[in-house]
Amino acid sequence: MHALDSRYLNLTNYFAHRFTTAGTFSYGLSPLPSFLVEPDRAEDELSIVVRPERGAEQQQHDVVVSRRDDGVTARPGRLEIALGDVVGWSTDGTLTTGFAVRGRIGDTTVDSTAMTDESIFTHAFGSPGEYRWADAHGSTLYGTVQVVRPEPGDERHAGWTAELGRGTLVHVTGERAEPETVEILVGQTVFWAVQRAPGISITDVTLLPGR
Amino acid sequence: MTSDLVAAVDETAANVLLHAAEAALGTRSTSGSSSLGPFGVSYSAAVSFSGGTVRLVAPGTVAIDGLRIDYSLSLTLSIDLSFLDFCLPRICIPTPFGDICTPKICITFPTISVPVSFSDHAKVSGDFGLDVTLSSGEWVVDVVIQQVRAIDLGTAATLLLTAIGTAISVALLAVPFIGPLLALAVGIITAAFGIAEVTGLLAAVVNVFMAGLRFEVYRHAQTFAALPAGGPFDPAVDVTLASVTAEVQASDENELVLSADI
């Protein structure tokens, strides 16, 4: 349910993209990874209009993805944003199998299952342990997240609730993660910022055959 | 009015009959549901009976003291963890693409099932009555529970309470996002019930097996050959027991007396 896999965006995940190209991003939402099925198309196609001018400040716009009777829906379904703004997708928990975002704007494909550039994936870790992750699409990218449960006596135990508000950044450039290893507390969130990558996923290696 | 046939056993012999009946009864099992404080419990249980001391009390009571019940319990506690529900806050950090914030994520905790296996024994004292029936051509004498006077669980409740606490801790460890809430959750859950509730649960399970408990102490064919055949012109002599009664008669030592009319 809370597996680390950017190909399936679940309750504990968030996928965001910064739009640096003006135009219309028409996209679909799939309850499964897009390499398995074509995205669902709503009656009114989901779209984000990116104006050619930048705003005074970069804005972040959130889209909530839900299950509905005949598939997947997003609120809001249409957005108009300024150049350089960020749009992020998350689920309200009704999509238990996860979802994926895929669409095009100009010559650029934005795909949450195969991230290339200007993309953010986050995962909140619910259980302690060592999570080795890699790219399900076969690149050499890899890393490790150590998740610890603070024990009584550890100052982070008493302040755990406040610690949940801290995020940890892993910067992915091409096929390299920096840092490769991070340590966090149970319940904390790791942000992967992806730049100039060949279309990668962040996937727990235990989910990958042959690893 | 005298009976045609009379058989009597004293308390020593009655103990022998009881222990043979316990062995013949073998292992009995059942399943059901109960509660432990605010939590539901389903269980399956298997028991066997042994030991105990018979006292014969006129006119019709077979009192058994210290009847040992060995039991194996498989409990499954159902614990709703929704009292732990909380939300991860909105988290903002600087990234190469500017400050990015996650949405608030609310975690709903599940109802978990906690399995607990436990074996021990109890000692029960109770009063049994006599029941004589004619079944499929055989007279059967049973002693049947009338009332349970006492159940001695020994230290079982304490041990079971500890076992449940351990099982809950193990089960909660696997719950995502419980984090340091683990100790809090264990504390809240185990504070919701104590020795009294565990004792009540064990006593309820023992009582399930005691309800309607009967031991067969005697069985005899209604019709049997009193004299074997002596030859082609001297056939066997069969006797039919028309009625059988059982009672405890008081004398210098009380006896269980079976009377039959032919």
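Computation of the quantities below employed the complete heavy-atom set of this structure, encompassing side-chain atoms and omitting hydrogens, waters and symmetry-equivalent molecules.
- Residue contact with chain A, scored on non-hydrogen atoms closer than 4.5 Å, involves the backbone and the side chain of B/I100 alike.
- Both the backbone and the side chain of B/P176 come within contact range of chain A, with heavy atoms under 4.5 Å apart.
- Taking B/T102, B/L182, B/I107 one by one and counting their heavy-atom pairs under 4.5 Å with chain A, the maximum is reached by B/T102.
- Heavy atoms closer than 4.5 Å to chain B are found in the backbone of A/V194, but not in its side chain.
- There is no contact between A/T20 and chain B, counting heavy-atom distances below 4.5 Å.
- For the 3.5 Å distance criterion, the side chains of A/N10 and A/T12 fail to qualify, holding no donor opposite an acceptor.
- Counting heavy-atom pairs closer than 4.5 Å to chain B, the top-ranked of the candidates A/D92, A/L185, A/I120, A/V64 is A/I120.
- The choice from B/A183, B/C106, B/P103 that makes the most heavy-atom pairs within less than 4.5 Å of chain A is B/P103.
- The contact between B/C101 and chain A is made by backbone and side chain atoms together, counting heavy-atom distances below 4.5 Å.
- None of B/N15, B/T61, B/D65 except one satisfies the side chain to side chain donor-acceptor pair (under 3.5 Å) rule with B/R55; the exception is B/D65.
- Between B/F215 and B/F49, the ring planes lie perpendicular to each other; the angle is over 60°, past the 30° to 60° tilted range.
- Looking at heavy atoms from C-beta onward, A/S6 lies in side-chain contact with A/M115 at the 4.5 angstrom threshold.
- In terms of heavy-atom pairs under 4.5 angstrom with chain A, the leader among B/C92, B/P89, B/G98, B/P96 is B/P96.
- Under 3.5 Å, the side chains of A/D111 and A/T113 contain a donor-acceptor pair of N or O atoms.
- Side-chain N/O atoms of A/T173 and A/Q195 include no donor and acceptor closer than 3.5 Å.
- For A/E118, the parts lying near chain B are the backbone and the side chain together; criterion is any non-hydrogen pair under 4.5 Å.
- With salt bridges taken as basic N to acidic carboxylate O contacts below 4.0 Å, one links B/R214 and B/D142.
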